[in-house]
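Order of the sequence lines fixes the chain letters, A, B, ..., with proteins taken first and strands second; residue numbering starts at 1 for each chain.
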Number of protein chains: 2
Amino acid sequence: MQGNNHDDVRRHNLSIILRLVHRGGAASRAQLTRLTGLNRSTIGALVAELVERGLVEERTPDPTKLAGRPSPIVAASDRVVAIAVNPEIDAITVGVVALSGVVHRSIRFATPTTPTVAEAVAITASIVTDLRRDLGKYSIIGMGVAVPGLVRAHDGLVRNAPHLGWVDEPLCDLLAEVTGLPVVAANDASLGVTAERYFGAGQGMTDLIYLNGGSSGIGGGLVVGGVAAGGRAGYAGEFGHTKVSAGCRTDSAGIAGTLEAEVTRGALLDVLGLPAGQTDADDLERALLASTAPAVRAEVNRQVDFLAVALAGAVNILNPELIVLGGFLAALYVVDPGRLTRAVAALTLGTAFDEVQIAPALLGSNLLLIGAAELAFETLLLDPQSESGNSAGLSPLSVRAAGSATAAV
Amino acid sequence: MQGNNHDDVRRHNLSIILRLVHRGGAASRAQLTRLTGLNRSTIGALVAELVERGLVEERTPDPTKLAGRPSPIVAASDRVVAIAVNPEIDAITVGVVALSGVVHRSIRFATPTTPTVAEAVAITASIVTDLRRDLGKYSIIGMGVAVPGLVRAHDGLVRNAPHLGWVDEPLCDLLAEVTGLPVVAANDASLGVTAERYFGAGQGMTDLIYLNGGSSGIGGGLVVGGVAAGGRAGYAGEFGHTKVSAGCRTDSAGIAGTLEAEVTRGALLDVLGLPAGQTDADDLERALLASTAPAVRAEVNRQVDFLAVALAGAVNILNPELIVLGGFLAALYVVDPGRLTRAVAALTLGTAFDEVQIAPALLGSNLLLIGAAELAFETLLLDPQSESGNSAGLSPLSVRAAGSATAAV
DNA sequence: ATGATACGTTGCCAATGTCAACAAATCATC
DNA sequence: GATGATTTGTTGACATTGGCAACGTATCAT
C-alpha cells in the first residue's frame, strides 16, 4: 500500500529539517539536533546538503550569552520563492513569497470587470513575466493559486467558482502552459487554514477549523489530526451551507436557512448604513465596535446566534482545539466574544468541550498569498532533493513593494 | 518536531507488511513485493523476522495456474489475539479477536442492572481469567475497550458515559491493574468506523463518516484524510447533537432540536407498536419494511428528513466518499434509500457532492469487538518489534464458540 | 591564562535495503 | 516425459546512511 524506504531516510530527514526552519523560523544546528533527535554529525551533513542546494543559509551564531561553542543559525532561504495567485471578482493579486516566509512582493491588479479565466491567465502571465525580469537571483519553485470556489484536488480543475462565474476550468494547466512553472490550486479558505495553522493563530495545533466571511459568502477549511482535510475531492470546508435555521432566506446555492443565508456581511453593512464597495473587514469591525444603535446590536446578536449553531455542529463532530474566524466573522466575534462563546457552549456537550477556543485570524491581507505559496512549497518540503526550481532571470530584486503593498502593474 | 530514523526503516517496513496481511488478508510474498515496492530479498528477510516473532505464518502456495515458482502465502497469525471489551447498559461483552481477523470467542455476560465500573472490571477480569486458562497456546497482545461515551484519548479516562452513569472513571487503569494487560479504550462509535473502514463497507477509503443509531442515542466516528479523527481530546464524532430543527424536543444533553432528539429508535418502535426491550436492529428493519401504515411511513419520512439535514451538514464540511449508517439508522435508510439520498443531495452543493455514497454498515454484531481489538493491535502494528504479548496459560483453545456465538460464562 | 561548557568535525562502525547471479518450482509445448 | 519460458526464492557482495567516540574549536567565567 505505502511505499517504503532506503534513501527515503535521507529524504525524510532533509524534509523535516527544511520544514522546521521554514515553518518555525531560523534555528541553530544545536536546536535542530534536539528537535529531530538526530546526531550532531547527521544534522551537519544534512544541513550542508540543504545549503548546497540553496534551500537554506547558515549565519554566524547569535550572541547567546551561554558558555560553549556557538551553533550556526540555519534559516530558510530568501532566494527560494513561490508565486502566489489569488483571482477575485475585482482584481488579480500576485505575490512573491520566499521559503523564509518573507512576502517579497504583493501586486494587486484591479480589473474593470470580473475576470474570465483567459483574462486571469493573461494578467497573471504578464505579471509573472515582469517579475521574472526583476527576480534574477531568485529561484522560483512553482506557483500556488487560491481560488474562491470548489477546486478538485486531483488535478486542480476549478469545478465551480460561483462569484467568478467559472465552471470546470482547467486553470492549473493553462497557467502551467503559459508560465512553464508547476502550478497547484486549492480553495482559498482551505489555504487560509493552512496559513493560520503554520504562521498564524493556530501554530502547533493539530485540530482546528477556520471560517472566513467574505462579501460573497462563507467558506472555510479544517485541519483534522494534523492533516489539512480536503475530503474525497478537495471540496471539504463548505461551512456556509450548514443549516442553521428554519427560515426561508436562501444562500448562493439556493438552499434555505443556511449559515451563509442568515449571516451576511451585507446585512451588517445595511444596518450600519455603510456602502458595500469601499468597506473592508477592518472598517466594518471599527464601525461595529463604535455603534451603540439597538438595531445594530440586534442584528449582531441574530447573526452571532446563527453562527454559534454552525460552530457548535462542527465542534460536536470534530472536537477542535481552536476555531479561527476571518473576515467579517472575526468582526462579529470581536464585538461580543462572550455571546458567541456562551452560545456555542450551550449547544455542545458541556464539560467535554470546554477547552475549545475561538480566536480571530492573525494573518491579514497576506493570508491567502502565504497559503497559496505554502501549497507550492509543499512539493519541495516533501522532497528537498527534487530539482529545486528554475532560477531564470537577470537583475536582482529591487526592494520596493515589500510587504503587502498594493500596486498596479 | 518529528522523530527520525535509522533502524526506523526496519520498524516501518515490518509495520507495513504486518498491516497489509492483517487488514488485507493473506498475501503471497510476491504480492507483498509489488505492494510495498521493496526488493524480493528484503521481503524475504522481513517476513522471516515476522515469522520468528510469531506474528505471521507462511503457508504453502495456492495453486495459481500461472507459470513460475509459486510464492508462499503470508498470513497474520491466528494465535496472536486481543481481548475486546464492550460494556453496555445490560451486559458486558468480551471477545477474543485474532490478528488474522478471526473472532475466536464472543462472550456476552448479561447483568441484572446497569453495571458500575467496579462491576464491569470484576466481570471482565473473571472472564479474562477463564479465557486465559483456555487460551494456552495464544499470545494476548492487549485489551481494547469500546465505551458508549466520551473517552479521553490521552489516557483512556471515561469522561462521561451517560447511559452507564459513569463519570471520570479510570477504566483503563483499573482493567490494566487487574489483568496485567495493556489496555486502551475509545468511544464505541469511533471504533465502529475503524472496523467498517478496514473490514466493512469502507474498505480502502480515506474519507468516510459513520453514524450509529442505538437505543440510547446517536453517535458516530469519522475518518478524514485516512486518519481516524479523534479531535483534540478524542471526543470527535458526536453527530447526535447536531441541530436539525427548530423544535423543542431535547436530547440527552438537554439541547433542543438536535438529531438525537428528533430521530429516535423509540419513536419508530412506538409507531410500529413494538416493545422496546426485545427488538433488535434487524427486527426493526423487518418491521419497517413490512409495514404499510401511513403513520409509520410519516414517521419514517420525518426522521429521514432530519437525518438528511445532519448528514448534509457533515457532507458540506467533510466531503466524504461514503456515509456508513449503523443500528436503526441503517433500517431508516434501507426502508427508503431514495428519499434520504435525494434529501441529502438537495441540501448539499449539487454537482460537487454527487459522488457521495450512503451504505448500511456491513459488520454486524462483531463490529465493536473488531474495532476494539483493532485499537489494541495498533501498538503492535506500529512497532512489530515491540515485545509481542505475553502468552500465559496452559491448554489449547477448544474450537467451540468461534464466530459470534453468544454464551454465558 | 586556565578551565568548563557546548558544539562542530572526522573517521570508523553497524544496520539495512539493493542488486545480480543462481537455484528452484511451476506451466506450456512438443 | 523432456525442454524452455517464466516467475520467484536465496545468497553474498555492495552502497548508503546514521550513530558514535574522540578530538578540535569557540565562547564564558574566574
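The nearest whole Å value for the distance from the CD1 atom in Ile73(A) to the C1' atom in dC7(C) is 13 Å. Per the geometry, CZ belonging to Arg11(A) stands 14 Å off C1' belonging to dG17(C), to the nearest Å. Atom-to-atom, CG of Leu38(B) to P of dG9(D) comes out at 13 Å; the value is rounded to the nearest Å. Rounded to whole Å, atom P of dG17(C) lies 9 Å from atom CD1 of Ile17(B). To the nearest angstrom, P of dG8(C) lies 11 Å from CD of Gln31(A). We find that CG of Leu32(A) is positioned 16 Å from C1' of dG18(D), with the value rounded to whole Å. Spacing between atom CD1 of Ile43(A) and atom P of dT17(D) amounts to 15 Å, rounded to whole angstrom units. Distance, Glu49(A) CD to dG18(D) C1': 14 Å, rounded to whole Å.
Shown here are the side-chain hydrogen bond (donor to acceptor under 3.5 Å, both in side chains) partners of Glu374(A), two or more places apart in sequence or in another chain: His22(A), Arg23(A).
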Report, as a single string ordered 5' to 3', how protein heavy atoms within less than 4.0 Å touch nucleotides 19-30 of chain C: B base, S sugar-phosphate only, - not at all.
B-B-BBBBS---
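Taken over five-pair windows at either terminus, the axes of the helix from dA1(C)-dT30(D) to dC30(C)-dG1(D) are inclined to one another by 10° (rounded to 10 degrees).
Comment: Asp207(B) does not engage Arg232(A) in a salt bridge, judged by the lack of any side-chain N to carboxylate O separation of less than 4.0 angstrom. For the pair Glu57(B) and Arg79(B), the salt-bridge criterion is not met [side-chain N within less than 4.0 Å of a carboxylate O].
For dA15(C), the OP1/OP2 oxygens have no side-chain nitrogen or oxygen of Arg10(B) closer than 4.0 Å. Listed pair Asn13(A) / dG18(D) meets the phosphate criterion, a side-chain N or O lying under 4.0 Å from OP1 or OP2. For dG9(D), the OP1/OP2 oxygens have a side-chain nitrogen or oxygen of Ser71(B) closer than 4.0 Å.
For the atom pair CD (Glu378(A)) and OG1 (Thr194(A)), the distance works out to 9.0 Å, reported to the nearest 0.5 Å. Here CD of Glu196(A) is found 12.5 Å from CG of Leu191(A). Values are rounded to the nearest 0.5 Å.
When all heavy atoms of Arg132(B) and Ile140(B) are compared, the pair lying nearest together is CG-CD1, 3.9 Å. The heavy-atom pair separating His104(A) from Asp78(A) by the smallest distance is NE2-O, 2.9 Å. When every heavy atom of Val223(B) is checked against every heavy atom of Thr206(B), the shortest pair comes out as CG1-O, 3.4 Å.
The side chain of Arg29(A) has dG8(C) as its nearest neighbour among dT17(D), dC7(C), dG8(C).
More than 12 heavy-atom neighbours from other residues, nucleotides or ligands sit within 6.0 angstrom of CD on Gln203(A).
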